[in-house]
Amino acid sequence: MLSLTTPFAAWTAVIVSGLLEIVFAVAMKYSEGFTRLWPSVLSIATGLLSVWLIGLSMKLLPVGTAYAVWSGIGAVGAMPSRRQGRLKA
């Protein structure tokens with residue numbers, strides 16, 4: 001099982017988890033209500049991996065700080081695709 005032993009590794013996991021959260025949000029939109037197979041599979045896989053990584057990092061980092069950074073990366077990262085019209089609300 002993967003274990004994070006340094007703060008650098010934990011912060012790296014938070015950043016990677018945030019980037020996976022962006023992929024999750026975009027893939028979920030393209031899955032069209034989980035009716036399209038591959039975007040649905042990508043959405044589920046990246047969502048699970050994102051939550052797993054943030055959970056690992058929270059064993060070493062303060063929960064509030066790690067969650068704020070994780071959700072901030074996901075929220076800010078998903079906005080450009082919505083603003084540019086690639087995703088329709």
Side-chain angles (χ1 to χ4, degrees):
M1 194 71 181
L2 182 64
S3 173
L4 303 176
T5 58
T6 65
F8 179 77
W11 281 114
T12 302
V14 170
I15 293 168
V16 170
S17 182
L19 295 174
L20 287 169
E21 193 70 14
I22 296 168
V23 175
F24 164 74
V26 173
M28 192 161 61
K29 180 66 177 179
Y30 282 113
S31 74
E32 297 176 6
F34 294 106
T35 59
R36 296 180 60 211
L37 178 63
W38 293 114
S40 299
V41 169
L42 181 63
S43 177
I44 292 167
T46 55
L48 289 172
L49 188 57
S50 177
V51 170
W52 179 68
L53 280 174
I54 195 68
L56 281 179
S57 68
M58 286 181 180
K59 291 179 180 178
L60 194 61
L61 301 174
V63 172
T65 306
Y67 179 76
V69 171
W70 175 64
S71 61
I73 291 171
V76 171
M79 287 306 292
S81 57
R82 175 173 260 172
R83 197 174 325 131
Q84 294 172 1
R86 287 184 254 160
L87 295 178
K88 295 182 178 147

Hey, what do you get for OG (S57) to CH2 (W52), rounding to the nearest 0.5 Å? 11.0 Å

Residues A66 and I54: closest non-hydrogen pair is O-CD1, 3.8 Å

Cluster overlap V63 with V69, hydrophobic side-chain contacts below 4.5 Å: yes

Smallest separation among heavy atoms of S40 and S31, with atom names: OG-CB, 3.4 Å

Could you tell me which non-hydrogen atom of L60 sits nearest to which non-hydrogen atom of A10, and how far apart they are? CD2-CB, 3.9 Å

First locate atom CG of L49, then atom CD1 of I44, and finally report the distance between them rounded to the nearest 0.5 Å. 13.5 Å

Let me check something: any side-chain donor-acceptor pairs from residues 14-28 under 3.5 Å, sequence neighbours excluded? List them with distances.
unit_1, atom_1, unit_2, atom_2, d
S17, OG, S50, O, 2.6
S17, OG, S50, OG, 3.1
S17, OG, W70, NE1, 2.9
E21, OE1, S50, OG, 3.0

With heavy-atom distances below 4.5 Å as the criterion, would you say the side chains of T65 and W11 are in contact? yes

Holding to ring pair (Phe, Tyr, Trp, His ring centres under 6.0 Å), I want the full list of residues that pass it with F34, two or more places apart in sequence or in another chain. none

